[in-house]
Amino acid sequence: MTSLIKETQSIKEAVTFINAIDANKFSRLISRIIQKLHLKGERTFSEDEEQKLQVALSLDKQALNLVLETAAFILEQAVYHNMKPASLQQQLETVHLNPEKAEMFSQAWASAGPELVEKLKHNVFAPKKLEYVGWQLNLQMARSSQARLKSPSAVLQLGLRSEESEVQENVFVDFNHQELLEFYNKLEIVQGQLDSLT
């Protein structure tokens, strides 16, 4: 199985801090993070709560932020890859999270994960939404330096709209054959990942 949670330097540091947190406190922390994960632009804890957490968990501000961001990242990866709880636990143990904490992540994900996935399906992560797609093919037959030239290209028109605005913004993207093929292949990957969530 491919490792979806890579053991980067920040993950290693966060795991060290998480492994040192009391199990009961960590269980409540994960529960709160998973409850708030779907709320766009809203902090999981207020500044006052974060200060209390620093004292309760014996972490400085930077370490606490690393723990919170890493826990949220792990849960976002679980959502994005639609991971099974046992797989999540195994991946976390692979990055040296102690089995008790890995099981807490797994249990929180098993109980709240399906509801979180449903909530996140309805969220718009990007500030703009695609409303319209148009296209046009161009063929350049010559230019001043070359008399005989056959250079096809495609121009995509993407009509974007933000949640706050009624005005559509048009973005034009010019592709040669190779660029269009690479773009298509990336869209296929995105489509496959979307399909796995449904």
Side-chain angles (χ1 to χ4, degrees), residues 1-129 162-164 189-190 193-198:
M1 171 178 53
T2 308
S3 179
L4 302 174
I5 300 167
K6 308 282 186 232
E7 194 173 15
T8 62
Q9 188 57 41
S10 62
I11 294 277
K12 284 180 186 177
E13 289 175 29
V15 163
T16 302
F17 293 130
I18 291 170
N19 283 340
I21 295 173
D22 173 72
N24 290 330
K25 292 175 184 175
F26 185 70
S27 176
R28 292 194 304 266
L29 185 74
I30 288 298
S31 180
R32 174 76 174 269
I33 291 170
I34 207 166
Q35 286 172 7
K36 297 273 194 165
L37 198 60
H38 71 284
L39 300 173
K40 186 169 58 172
E42 191 175 307
R43 292 172 54 154
T44 307
F45 297 96
S46 68
E47 281 194 41
D48 187 43
E49 289 173 321
E50 283 186 10
Q51 288 175 353
K52 290 176 182 172
L53 275 174
Q54 286 175 40
V55 174
L57 303 177
S58 304
L59 297 171
D60 64 27
K61 187 175 179 67
Q62 189 176 354
L64 178 65
N65 283 338
L66 182 62
V67 166
L68 296 177
E69 287 171 12
T70 302
F73 170 76
I74 289 167
L75 292 166
E76 286 166 355
Q77 290 301 301
V79 169
Y80 184 73
H81 295 285
N82 204 13
M83 294 172 83
K84 303 280 183 254
S87 174
L88 175 62
Q89 184 171 349
Q90 183 181 2
Q91 297 249 345
L92 292 173
E93 288 176 7
T94 303
V95 294
H96 307 292
L97 194 66
N98 76 36
E100 182 185 27
K101 301 288 179 11
E103 188 177 345
M104 286 179 185
F105 264 108
S106 174
Q107 287 173 348
W109 176 241
S111 63
E115 184 183 343
L116 178 62
V117 169
E118 277 307 307
K119 287 177 181 174
L120 288 172
K121 277 183 184 178
H122 302 291
N123 274 5
V124 177
F125 288 107
K128 297 182 181 175
K129 188 174 180 183
S162 67
E163 290 179 2
E164 301 84 37
I189 292 168
V190 169
Q193 290 175 342
L194 285 173
D195 290 344
S196 77
L197 288 175
T198 56

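These numbers were taken from a predicted model, which means no experiment stands behind them. This chain uses plain numbering: 1 for the first residue, then up along the sequence.
- Looking at E93 and Q89, their side chains do bring a donor and an acceptor atom within 3.5 Å of each other.
- Put simply, the side chain of D22 never gets that close to the backbone of A56: no donor and acceptor are under 3.5 Å apart.
- Here Y80 and F73 keep their ring centres 6.0 angstrom or further from each other.
- Residues L53 and L59 fail the side-chain proximity criterion, which asks for heavy atoms closer than 4.5 Å.
- For the atom pair CG (L68) and NZ (K36), the distance works out to 13.0 Å, reported to the nearest 0.5 Å.
- S106 contributes a side-chain N or O that, together with a main-chain N or O of P85, makes up a donor-acceptor pair within less than 3.5 Å.
- Between W109 and L88, the shortest heavy-atom distance links the atoms CB-CD2, 3.7 Å.
- Checked by atom type, the side-chain pair E50/Q54 shows no donor-acceptor distance below 3.5 Å.
- Under the 4.5 Å side-chain criterion, counting only non-hydrogen atoms from C-beta, R32 is in contact with E49.
- Side-chain atoms of K119 never come within 3.5 Å of backbone atoms of L37 as a donor-acceptor pair (strictly under, hydrogens ignored).
- One distance of note links OG of S46 with NZ of K52; it measures 7.5 Å at 0.5 Å rounding.
- Panel note: side chain T70, backbone V67; no donor-acceptor pair is recorded below 3.5 Å.
- From L64, atom CG reaches atom CD of E69 across 9.5 Å, with rounding to the nearest 0.5 Å.
- For the atom pair CD1 (I30) and CD1 (I18), the distance works out to 6.5 Å, reported to the nearest 0.5 Å.
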